Amino acid sequence: MALVFTILCGAAALSLGYFINYFTQGHFIETTEAALDAEIRYIEALGERDVLPKHTGKLYIYLDKNAPLPDYLSSSISRLAEGIIVFNYPKNNHRYAAKIYTSKNAQRILVGTDITSISKKFKFMQWLGVAAICFVMLIVFAAYVISVFVVTETNKIADTARDIMNTGDLSRRLEVGSKWDDLGNMTIVLNALLARVEELMTDVRQVSDNIAHDLRTPLTRMRSNIETLPESKNKDELLDEADHILNTFNALLRISRIEAEQQKSQFAPINLKNLLDDVAEFYAPLAEEKNINLTAILSDISLNGDRDLLFQAYANLLDNAIKFSPNGGTVKLTLTQKHNDTLITVQDSGVGIADNEKNKIFNRFYRGVKCRSTHGTGLGLSLVSAVIKLHGGTITVKDNNPGLKIITIL
Amino acid sequence: MAKPKRKYVCMRILVIEDDPEVQSYIAKGMKEAGHGVDTADNGKDGLFLATTEDYDALIVDRMLPELDGLTIIKTIRGAGNATPAIILSALGEVDDRVKGLRSGGDDYLTKPFAFAELLARVEILGRRKNDNLQNGDTKLYAGDLELDLLSRKVIRDGKTIDLQSREFQLLEYMMQNKGQVITRTMLLEHVWDYHFDPQTNVIDVHISRLRSKVDKGFDKAIIRTVRGAGYIIED
């Protein structure tokens, strides 16, 4: 960008300089020629009287027929334009532009006009033009240097900001290059913003930790009190109910923490094939009980990730797929590499979901119309979505006709 | 509470927990299970007891007044004390678990927990301290069931039982901890090696498949269900 800008500016400066030069030179020639032509017409008007006018700044020299120009002229002669010559007149050391006029009686007269002052002005104009170009080039150069500085500095800021976003490491700060310029000022302000965000995140964590501690402890107490009750049908129901509340609560806290902290400390290279094999193997007996044909077609792919969270995510997806497939249905788990993406799909042959529900199923506590009655917290897919996002992936839902196809790209 | 018949090991346990109800609930349960219990309700007292007395296992809450649980464990480990310690915490994230185990804890249990889960884990930790005899053995026995770790064969009453590799691992882990209650979470952690929370009770299905191979057609069941806790293998 900076380079393109510089090239454009340079081109503009050059064309401006050329234009000034061309315009002044053209104008100079035109006026000189006009003055000479006027003088020649004047001589013509005088006719054969053989009297030459005595205008100031003009020069008239009779030339011999067919003879070359006198030596004192030809030594400094040069051509200005078609039919116009320029020379130094040694008698007064002025500079003249001249045309040769041949009168009706074949008398050749050299008609000259003094251009000393004009040519001085012209020289000055030329010099000014060159100076202007130099100044513009200087400005362009300065602009280039400044833009390169600004671009590298902003890129540095953007890179660090992206790093912070990706790693979730809010304790990092932008590097302050200098304190005097606007960019330095911006970095300082952004750092203050980061500090504030970090403070807020710490607060949020503190609050959720406190909630966890302060709410879970009494819940533990309640659960243990129920546990000490004498055996009865009620007791089991109460325990189930307490466990359900606790599970929901834990799942919710877990999702918030995955989303808020972007914790990647457990990231390590893992073999996705082995992991998904384990998931499929873990659910195989469940599928067998429902006579569901569970197949896993997996390519050998490894990536960086959190194995426990990924296992949890695909366990949730497979759990759902088996839960919502009818007896004798099919569930398919595939892992493939497409370009740079790792594709993992889970397909079932269940009831599927309506189009208008497809985006909502990842919302917390959202439960599809068709599955309100089944057991669950309504948080399973939210957790999946949070885990996939943590791994920088995407998740989409499509119809499998019949059933559902969930595609995750890592 | 249904108390399974256990191989009786009396342990001396120190409970460091600031919530009086949780503390008394753990202490009461442990005493009922036949263990001796000391308690402390803050970090300082807890550390003092842990360093001056000899215990078979420590149960330490992570968040404590005066001195937090991780620091206590780090301190006693630094002093060369290897008493097995189990950390109790309301923080259940993998990060926290890893931090807990790195600081020298032997196991990590997230609140809320079923008492049976805590008891099962504490007893396994305590037993590990007492007998490491099994390390050299290549065969495990439970009643008339024999599991050969080298040939990976399972024989009951003279008949070879064909097991899939995961079923073998399940049986192996339970037989290694014969006489101890094994909870579902413990099976997930040790047999599958993933820390996660299955939405459905898939573990029960795995166990019932294993049972249909190991116990079907025999008078006495080797694998027993312990209500509200998990499973146990007995002679």
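Lettering of chains follows the sequences in order, A, B, ..., and the numbering in each one begins at 1. Computed from a predicted model, the values in this text were never measured in an experiment.
Considering only residues two or more places apart in sequence or on other chains, A:Glu241 meets the side-chain hydrogen bond (donor to acceptor under 3.5 Å, both in side chains) condition with none of them. A:Ser325 pairs by the side-chain hydrogen bond (donor to acceptor under 3.5 Å, both in side chains) definition with nothing, not counting sequence neighbours. B:Asp45 pairs by the salt bridge (Lys or Arg N to Asp or Glu O under 4.0 Å) definition with nothing, not counting sequence neighbours.
If you check the side chains of B:Tyr231 and B:Thr183, you find no donor sitting under 3.5 Å from an acceptor.
Separation of the B:His206 and A:Phe282 ring centroids falls under the 6.0 Å cut-off.
There is no contact between A:Ile322 and chain B, counting heavy-atom distances below 4.5 Å. With a 4.5 angstrom heavy-atom cutoff, B:Leu88 does not touch chain A via any of its atoms.
We find that A:Arg172 and A:Asp163 are joined by a salt bridge, their nearest charged nitrogen and carboxylate oxygen being less than 4.0 Å apart.
Ranked by heavy-atom pairs under 4.5 Å with chain A, the list B:Asp204, B:Ile203, B:Val202 is led by B:Val202. Interface remark: of the candidates A:Asn225, A:Asp236, A:Leu239, A:Asp236 forms the most heavy-atom pairs closer than 4.5 Å to chain B.
Aromatic ring orientation, A:Phe311 versus B:Phe196: perpendicular (interplanar angle above 60°, classes split at 30° and 60°). Ring geometry, A:Phe267 versus A:His391: the interplanar angle falls under 30°, so the pair is classed parallel (tilted spans 30 to 60°).
Residues of residues 288-295 of chain A lying under 4.5 angstrom from chain B, judged on non-hydrogen atoms, are A:Glu288, A:Glu289 by number.
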